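Below is one structure; the comments refer to it alone.
Only this structure's heavy atoms are used, side chains among them; waters, hydrogens and symmetry mates stay out. Positions are given from 1 along the sequence. Being a predicted model, the structure only gives us computed values, none of them experimental.
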Amino acid sequence: MSINLIETEEIEKRKIFVEILYIIILAASAMGDMNGFSVSMTRVMKAISLLIVFTGGVMLFVSGNIKRIKTAGSFVGVYGFILVGIIVWSIFLWIVNLETIDFIIRGATKFMYQFLVLMIICAAVYMFGERAIYTTFYGIALANTIMLLINMGIYGPVESVQSVITMLTDSGEQAGFARAMEIHDITFTYGFFIIYSVFFAQHNKERILCIFVSLFFFLLGWKRIALLALPVAIFLGLILGRMRSRTRIRFMKFLAWAFVAVSFAYIVITRTGLFTAITNYLNMDTMGRNEVYDYIKKYYDISIGFIGYGFEYTTVILQQIAKANPEAHIGVVALHNNILTIYIELGFIGFWAWMLYTWIFQLNWMLNHWGEKTAMLFFLCEVYIFITYMTDNTLYYYYTSLVLRLLPMAYTFHKQTAQDIKLWPWVKVQKIT
């Protein structure tokens with residue numbers, strides 16, 4: 001008995017050590033998101049997260065848990081398939097449009113980070129199972145805390161607190177410390193952690209800690225579209241939780257199709273100028289987006305014959321606008337509309353293929369293979385982030401993509417206990433086929 005006890009203690013110590021190592025590596029990597037770093041420096045710091053993949057490889061070699069790697073690998077296959085599809089279609093479009101080698105290399109390089117995300121979440125889930133959600137949260141929150149302390153040292157405690165109060169009370173005006181804490185990428189990740197903690201996490205102190213810390217940094221980051229998107233996802237979660245199983249599944253599928261249809265309608269509305277008319281009528285500050293939408297109209301059509309330009313071409317379009325019309329005050333340096341970006345870059349057919357795969361195929365795959373709760377977690381996270389696509393570039397954000405894809409994968413390793421959430425005890429765990 002004493003030998004077994006010693007072995008158990010050694011295993012627990014090893015698990016804690018690996019968790020701490022993961023948190024430190026992820027935090028060091030996420031520090032690259034701090035305002036003030038150059039784009040190249042940010043990319044280098046993201047590459048630090050390769051150490052997580054190396055650590056996962058060592059753990060696989062030591063433990064050799066093939067069943068766990070198969071489960072994680074199936075998610076990587078589904079997530080990766082659409083990425084491969086986009087890059088293959090883009091290569092075809094690059095050839096057709098006779099793009100320069102520099103542009104092709106830039107697009108391919110950016111896509112490499114998305115495949116790095118898949119390797120990281122595979123390693124994380126292999127090492128920790130569902131626990132990967134909390135270890136990832138701690139890594140991101142640690143980075144955000146360090147950023148907070150650094151910025152508070154720069155601006156001073158009193159001025160920092162005052163700038164946050166002004167932001168919260170004066171129509172969201174950000175300046176000084178509050179502006180410095182608008183960490184674009186990792187701020188969006190807290191929405192996912194809140195959804196998980198509210199509806200799916202076990203009832204314990206760690207869950208409460210996750211909710212409060214996530215809310216704190218979520219509000220401090222002050223991303224307006226996220227502040228709208230999260231309550232919508234939470235509301236839908238409450239509605240879904242009160243439905244019977246069959247009704248809930250049908251309702252999720254209906255809403256998935258609705259998101260596909262509404263997204264295409266959004267493209268039409270933007271192209272026809274109705275979006276600009278509506279925002280102007282409501283006197284909404286689009287922060288230069290309307291001007292951008294007006295300038296890029298000539299680059300795309302609402303037609304099945306529109307094949308697109310390939311991944312990252314919207315950046316080229318904005319550069320062309322700036323070169324052709326130096327007086328154009330477009331307000332933003334990126335399109336800030338992922339739905340429109342996908343349409344312009346992948347074309348009519350590519351857009352519909354991406355939408356149907358994202359919403360219809362993946363939801364059905366989750367339902368059929370991993371059960372109703374995993375599918376619900378996936379669905380609510382997609383609802384939250386999809387709303388942000390309307391006015392932001394969150395689709396390929398590094399840490400946003402990481403957490404979005406990590407949560408459903410990690411939740412497949414959930415083990416029911418007496419601490420499971422009581423909000424919807426009637427939601428049964430569907431048998432895995």
Taking atom [atom1] as the centre, does [X] end up with more than 12 heavy-atom neighbours from other residues, nucleotides or ligands that are less than 6.0 angstrom away?
{"X": "Leu227", "atom1": "CG", "answer": "yes"}
{"X": "Arg43", "atom1": "CZ", "answer": "no"}
{"X": "Phe37", "atom1": "CZ", "answer": "yes"}
{"X": "Lys15", "atom1": "NZ", "answer": "no"}

**Asked** Who are the side-chain contact (heavy atoms from CB on, under 4.5 Å) partners of Cys122, not counting sequence neighbours?
**Response** Ile69, Ala72, Val76
Could you check whether any side-chain heavy atom of [X] comes within less than 4.5 Å of a side-chain heavy atom of [Y], counting everything from C-beta outward?
{"X": "Thr341", "Y": "Tyr313", "value": "no"}
{"X": "Tyr300", "Y": "Leu340", "value": "yes"}
{"X": "Leu380", "Y": "Leu240", "value": "yes"}
{"X": "Ile183", "Y": "Ile186", "value": "yes"}
{"X": "Tyr138", "Y": "Cys210", "value": "no"}
{"X": "Asp392", "Y": "Tyr397", "value": "yes"}

Distance-only, no hydrogens or angles: does the [X] side chain make a donor-acceptor pair with backbone N or O of [Y] under 3.5 Å?
{"X": "Thr400", "Y": "Tyr396", "answer": "no"}
{"X": "Gln362", "Y": "Thr358", "answer": "yes"}
{"X": "Asn338", "Y": "Leu395", "answer": "yes"}
{"X": "Asn144", "Y": "Ile140", "answer": "no"}
{"X": "Thr374", "Y": "Leu367", "answer": "no"}

So which atom in [X] and which in [Y] form the shortest heavy-atom distance, rounded to 0.1 Å?
{"X": "Gly191", "Y": "Leu230", "answer": "O-CD1, 3.6 Å"}
{"X": "Lys223", "Y": "His184", "answer": "NZ-ND1, 2.8 Å"}
{"X": "Glu182", "Y": "Asn35", "answer": "O-ND2, 3.8 Å"}
{"X": "Phe115", "Y": "Leu83", "answer": "CZ-CB, 3.8 Å"}
{"X": "Gly80", "Y": "Leu118", "answer": "CA-CD1, 3.6 Å"}
{"X": "Leu346", "Y": "Ser90", "answer": "CD2-OG, 4.2 Å"}

Expected list for residues 18-31: side-chain donor-acceptor pairs under 3.5 angstrom, two or more places apart:
from	atom 1	to	atom 2	distance (Å)
Tyr22	OH	Thr136	OG1	2.7
Ser29	OG	Met45	O	3.1
Ser29	OG	Tyr399	OH	2.5

Taking atom types as modelled, is there a side-chain donor on [X] or [Y] under 3.5 Å from an acceptor on the other?
{"X": "Ser49", "Y": "Tyr398", "result": "yes"}
{"X": "Thr314", "Y": "Glu345", "result": "yes"}
{"X": "Thr394", "Y": "Thr388", "result": "yes"}

Would you please indicate if the ring centroids of [X] and [Y] are separated by under 6.0 Å?
{"X": "Phe378", "Y": "Trp370", "value": "no"}
{"X": "Phe348", "Y": "Phe351", "value": "no"}
{"X": "Phe137", "Y": "Phe192", "value": "no"}

Please round to the nearest 0.5 Å and tell me the distance separating atom [atom1] of [X] and atom [atom2] of [Y].
{"X": "Leu407", "Y": "Thr412", "atom1": "CG", "atom2": "OG1", "answer": "11.0 Å"}
{"X": "Phe193", "Y": "Phe218", "atom1": "CZ", "atom2": "CZ", "answer": "12.5 Å"}
{"X": "Lys46", "Y": "Met41", "atom1": "NZ", "atom2": "CE", "answer": "13.0 Å"}
{"X": "Leu377", "Y": "Glu372", "atom1": "CG", "atom2": "CD", "answer": "13.0 Å"}
{"X": "Ser197", "Y": "Tyr190", "atom1": "OG", "atom2": "OH", "answer": "12.5 Å"}
{"X": "Tyr299", "Y": "Phe306", "atom1": "OH", "atom2": "CZ", "answer": "12.0 Å"}

**Asked** Where does the angle between the aromatic ring planes of Phe386 and Trp354 fall among parallel (under 30°), tilted (30 to 60°) and perpendicular (over 60°)?
**Response** parallel
Result block: side-chain N/O donor-acceptor pairs under 3.5 angstrom for residues 249-258, not counting sequence neighbours:
from	atom 1	to	atom 2	distance (Å)
Lys253	NZ	Asn364	OD1	3.4

Enumerate, atom names and distances included, each donor-acceptor pair closer than 3.5 Å involving a side-chain atom of residues 123-132, sequence neighbours excluded.
from	atom 1	to	atom 2	distance (Å)
Tyr126	OH	Ser63	OG	2.6
Tyr126	OH	Asn65	N	2.9
Glu130	OE1	His414	ND1	2.8
Glu130	OE2	Tyr196	OH	2.7
Glu130	OE2	His414	ND1	3.1
Arg131	NH1	Glu206	OE1	2.7
Arg131	NH1	Glu206	OE2	2.9
Arg131	NH2	Glu206	OE2	2.8

All N/O donor-acceptor pairs, side-chain side in residues 260-269, below 3.5 Å, sequence neighbours left out:
from	atom 1	to	atom 2	distance (Å)
Ser263	OG	Phe259	O	2.7
Tyr266	OH	Asn337	ND2	3.2
Tyr266	OH	Met390	O	2.8

**For Glu312, all residues meeting salt bridge (Lys or Arg N to Asp or Glu O under 4.0 Å), sequence neighbours excluded** = Lys110
**Prompt:** Taking the six-membered ring of Phe75 as reference, does the NZ or CZ atom of Arg405 fall below 6.0 Å from its centre and within a 45° cone about the axis?
**Reply:** no
